[in-house]
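Contents: one structure, followed by commentary.
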There are 2 protein chains.
Amino acid sequence: MAGLQKVKSEETRKRVLGAAVDLMEEGGLDAVQIRSVAERAGYSVGSVYKHYADIDALIIAVNSITLERIHQVMRNATEGLETPIDRLKALAHAYSEFSRENPKLWKGLFDHHLPESRSIPEEHKLANVALLSLIGGELKALDPSMGEDELAARTRTCFGAVHGLVTISLEERFAGLSGDTLSSELDFLVQRLAEA
Amino acid sequence: MAGLQKVKSEETRKRVLGAAVDLMEEGGLDAVQIRSVAERAGYSVGSVYKHYADIDALIIAVNSITLERIHQVMRNATEGLETPIDRLKALAHAYSEFSRENPKLWKGLFDHHLPESRSIPEEHKLANVALLSLIGGELKALDPSMGEDELAARTRTCFGAVHGLVTISLEERFAGLSGDTLSSELDFLVQRLAEA
DNA sequence: AGTAGAAAATGAACAATGTTCAATTTTGAT
DNA sequence: ATCAAAATTGAACATTGTTCATTTTCTACT
């Protein structure tokens, strides 16, 4: 049966990726190294390269999982909420909370950059756009008359604004916000952006 | 005269830093390496270490210059403008323009992170706060009744929001905004945040 | 001027990490 | 049982940060 090899191969890939995710959670981007991943997964460095072209590909795989998790908590956050503004606020809070609860995964997602010469995999870009469309859907509900381009632009403005506040709040250099202050500023920001 | 050594030492430090700035402008954060800086400056690797404790200290020195440049263009941007809202919009545009005109310096500033164990130099944190206070001043003019804590929080919200929009607009992954669209979204964002 | 000590500068050597690949082990089909 | 393909290994190399013994240059003093 040809199945055994395939099963083993997939098992290896899964363990390698799992080890990489664990290391990112524990030690951030810098901890995701070929040797540390190989050791944690119980394989040699060569086996890691059998499944991921290089360290960047592995990190992107980890970040795709992080993106998926963020998408998940944001989708859940709007459940049961009726008005678009309430739903937008809930999305912003879910995003912020994820960054607080998983700072190393979150930073790893946004701190990782490919060299200029390389392009981000299409799949990963789509996962980013999927996040944006959670916001876009609410903005569309708020103002159905908005054109496609205008909606796309406004969606990025709203996401970018919340993303920026969350980002600087995680950084020591800006003496950022936290706790109730962060929470109420997020509400203020979304309210202002979304109100008619 | 004891002056010659001091002059030489300062000359070396200046050349090393200048080489590092040039490399950051040309090749971004990854191009600022001890060997490349030493070669560009015309010194050995050991001499670089004589003036900067490690590569992080050198990068922070480069980033302090970048911060100073950003501060400069933002200060200039408000000249001759009367209303706080116009001035806030001008600050946002100046920030955005700097990121477009100096993408590698700008990315180098925000992509660089110290290991958790190390703390950002006080001087560098103050330079960040100086940027924030340009915004804080306008917000205070807009609403003099605001308390200190409230003003500090709102200042970070406004900065973070603009910073986030600028950030994602520079990134391929988000298919960000540019040109007139970015410009008008910045206006929209500032208008909404600043209006009564 | 000459000289000893201090400061500056050098570059070889080491450590850590990404990457490659020839050799070995395991698996699948006959 | 045997051979080819797939999986796995780990030694070896390249790059980059860092250290430090040595050499060169400068200052102060006689």
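Just the heavy atoms: all of them, side chains too, but no hydrogens, waters or symmetry mates, feed the values below.
If you check every strand for non-hydrogen atoms under 4.0 Å, Tyr49(A) touches a base. The residue Ile55(B) sits close only to the backbone: its heavy atoms come under 4.0 Å of sugar-phosphate atoms, none of a base.
Positionally, the nearest nucleotide of DNA chain D for Arg35(A) lies more toward the 5' end than for the other of Gly46(B) and Arg35(A). The residue among Asp54(A) and Gly42(B) whose nearest nucleotide of DNA chain C is located toward the 5' end is Gly42(B).
Atom pair Arg15(A):CZ and dT8(D):C1' shows a separation of 14 Å (rounding to whole Å applied). If you measure from atom CD1 of Ile34(A) to atom C1' of dT15(D), you get 15 Å, rounded to the nearest angstrom. Spacing between atom CD of Glu10(B) and atom C1' of dA7(C) amounts to 14 Å, rounded to whole angstrom units. Taking atom OH of residue Tyr43(A) and atom C1' of nucleotide dT9(D), one finds them 13 Å apart after rounding to whole Å. Atoms CD1 (Ile59(B)) and P (dG17(D)) sit 8 Å apart, rounded to a whole Å. If you take NZ of Lys50(A) and C1' of dT24(C), they are 14 Å apart, rounded to a whole angstrom. Between the CD atom of Gln33(B) and the C1' atom of dG17(D) there is a distance of 10 Å, given to the nearest Å. Atom-to-atom, CG of Leu58(A) to P of dT17(C) comes out at 15 Å; the value is rounded to the nearest Å.
Partners of Phe174(A) according to the ring pair (Phe, Tyr, Trp, His ring centres under 6.0 Å) rule, which considers only residues two or more places apart in sequence or in another chain, are Phe159(B). Residues satisfying the side chain to side chain contact (heavy atoms under 4.5 Å, CB included) test with Lys107(A), not counting sequence neighbours, are Asp111(A), Leu170(A).
One finds a side-chain N or O of Ser9(A) lying less than 4.0 angstrom from the OP1 or OP2 phosphate oxygen of dA7(D). Contact annotation: Thr12(A) side-chain N/O to dT8(D) OP1/OP2 distance is under 4.0 Å. Look at Ser47(A) and you'll find a side-chain N or O under 4.0 angstrom from OP1 or OP2 of dT9(D).
Side-chain proximity of His51(B) to the nucleotides dT8(D), dA9(C), dT19(D) is greatest for dA9(C).
Atom CD of Glu172(A) has more than 12 neighbouring heavy atoms from other residues, nucleotides or ligands inside a 6.0 Å radius. Within a 6.0 Å sphere centred on CD of Glu11(B), heavy atoms belonging to other residues, nucleotides or ligands number more than 12.
Screening Leu193(A), Leu142(A), Asp187(A) against Leu88(A) for a side-chain contact (heavy atoms from CB on, under 4.5 Å) leaves a single residue, Leu142(A).
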